[in-house]
K.L.:
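One structure coming up, written as structure tokens, with questions to follow.
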Amino acid sequence: MSTPAVPGPPARSRPDACPGALQTHPAADGFLARVRVPGGLLTADRLRALARAAAELGDGALELTSRGNVQLRGLADGTGTELAGRLGAAGLLPSPAHDRVRNVLASVLTGRAGGLADVRPWVRAVDAGLCTDPRAAELPGRFLVTLDDGRGDVAGAGGDAGLRVLPGGPVALTLAGRDSGLRCGYEEAPGLVLAAISAFLDEHAAQGGTAWRLAELADGPRRVAGRLGATGDLPGAPAAAAGPQPAGEVRQDDGRTALVAVVPLGRLTADQAAAVAGVAAEVQLTPWRGVAVPDLDAPAAAAAALTGAGLVLDPGSPWLRVTACTGRPGCARSLADVRADAAAAVAAGSLPAGGARQHWAGCARRCGRPAGDVVDVVATGGGYRVG
Ligand code: SF4
């Protein structure tokens, strides 16, 4: 019996079109810039710089992404140089050549609460490794590195290469979300994932250079693992996607408090960003398009400042169950202003599907739909189809 052919990468004539801070994209509401924030870790000063840029150059808000990055929308044509200068001055553009490839997602509150290790040093090491490797600038903008401290919140986030701390201390290399079977110690872990990225680039070139993700390569995870010395099939099943987003107070290991805030529809206004920056020296953007505000000695005052600005700390709030695509006016394809309609339904207590976890979309593409059990609320031009 013949062996079935392994599908190869799609035939494409262009590189991926992911926006960056320098490579902005035209949208229906102006240009869009995506600023990479490795690990979602932002100092208060950098958050303020982003908020000022959004207020003075964009539409006044920061759009948070499920990879812990930040988008500025509504930029006028010709503001790219001004934006790049501001980001560079704030330290948010350490290597212009690597602008689009610093996609690193890390466990939320790692090193502060929960988890089996602190992976913040890995974030810095992996980002530095990427930015000092000229070849890494060739990575597709969609390539994602996940650094999971053992709690399982980002291992299933669809990463191409990643690390996951295992009970007892060894670290597993994950490829396309699956355990590769390769192991190392904590100190060696950044080097192992950087080696996996290098092996991906080798395999990517060997298969024609058109793939945007590791999973698009023919037998990609196994071949990349093989280039690193693994033999046989990958042993692990794909990691499960993280559950619904958390919210509220978290007791840190050092006795202080973190607040995990839901940002309604992932849109952080400049005023909300200023409120966040006013209560903590560093924050972490989350894969749920929210923000974790750690190291608080006076959590009650901080909570009042955040909720006063419109952020949500109540784990019972309907905002934990509602996501939406860009919709009008940002997307020309949209049949409705889905964010306004979703916000109105939350305010009126009239969410469809009994308020179940739901994603509102302006067309059938359903951009930004979270993984897992989610009801679709899709604009039809004459209302919404729920199902
Ligand atoms: S789901 Fe449709 S309307 Fe919404 S952002 Fe995507 S393409 Fe635009």
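Counting starts at 1 for both ligands and their atoms, following the listed order. Side-chain atoms are counted along with the backbone in the values below, which use heavy atoms only and exclude waters and symmetry mates.
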K.L.:
Check each atom of ligand 1 against the heavy atoms of Ser334 and keep those under 4.0 Å away; list them by number with element.
P.N.:
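Once the distances to Ser334 are compared, the set is 3 (S).
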K.L.:
Do Arg251 and Thr257 have a side chain donor and acceptor closer than 3.5 Å?
P.N.:
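No - no donor-acceptor pair under 3.5 Å links their side chains.
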K.L.:
Hey, does the side chain of Arg369 reach the backbone of Val374 with a donor-acceptor pair shorter than 3.5 angstrom?
P.N.:
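Yes; at least one donor-acceptor contact below 3.5 Å.
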K.L.:
Can you report which non-hydrogen protein atom sits closest to atom 2 (Fe) of ligand 1, along with the distance?
P.N.:
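The protein heavy atom lying closest is Cys363 SG, 2.3 Å.
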K.L.:
Examine Cys325 and say whether one of its N/O/S atoms is closer to atom 6 (Fe) of ligand 1 than 2.8 Å.
P.N.:
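Here the distance criterion (N, O or S atom, under 2.8 Å) is not met by Cys325, so no.
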K.L.:
Identify the closest protein heavy atom to atom 8 (Fe) of ligand 1: which residue and atom is it, and at what distance?
P.N.:
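Going atom by atom, the protein heavy atom closest to atom 8 (Fe) of ligand 1 ends up being Cys331 SG, 2.3 Å.
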K.L.:
Please list, in number order, the atoms of ligand 1 under 4.0 Å from a heavy atom of Gly362.
P.N.:
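Per the distance check, 3 (S), 4 (Fe).
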K.L.:
Let me check your reading of the structure: within less than 2.8 Å of atom 2 (Fe) of ligand 1, is there an N/O/S atom from Cys367?
P.N.:
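Of the N, O and S atoms in Cys367, none lies under 2.8 Å from atom 2 (Fe) of ligand 1, which means no.
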K.L.:
Is there a path of hydrophobic side-chain contacts, each under 4.5 Å between heavy atoms, that joins Leu75 and Leu92?
P.N.:
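Yes, it is one cluster - the side chains of Leu75 and Leu92 are joined through contacts under 4.5 Å.
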K.L.:
Checking the side chain of Asn69 only, and the main-chain atoms of Val37 only, is there a donor and an acceptor separated by less than 3.5 Å?
P.N.:
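Checked: pair present.
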K.L.:
Just by distance, do the side chain of Asp376 and the backbone of His359 share a donor-acceptor pair under 3.5 Å?
P.N.:
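Pair absent, no side-chain N/O of Asp376 close to backbone of His359.
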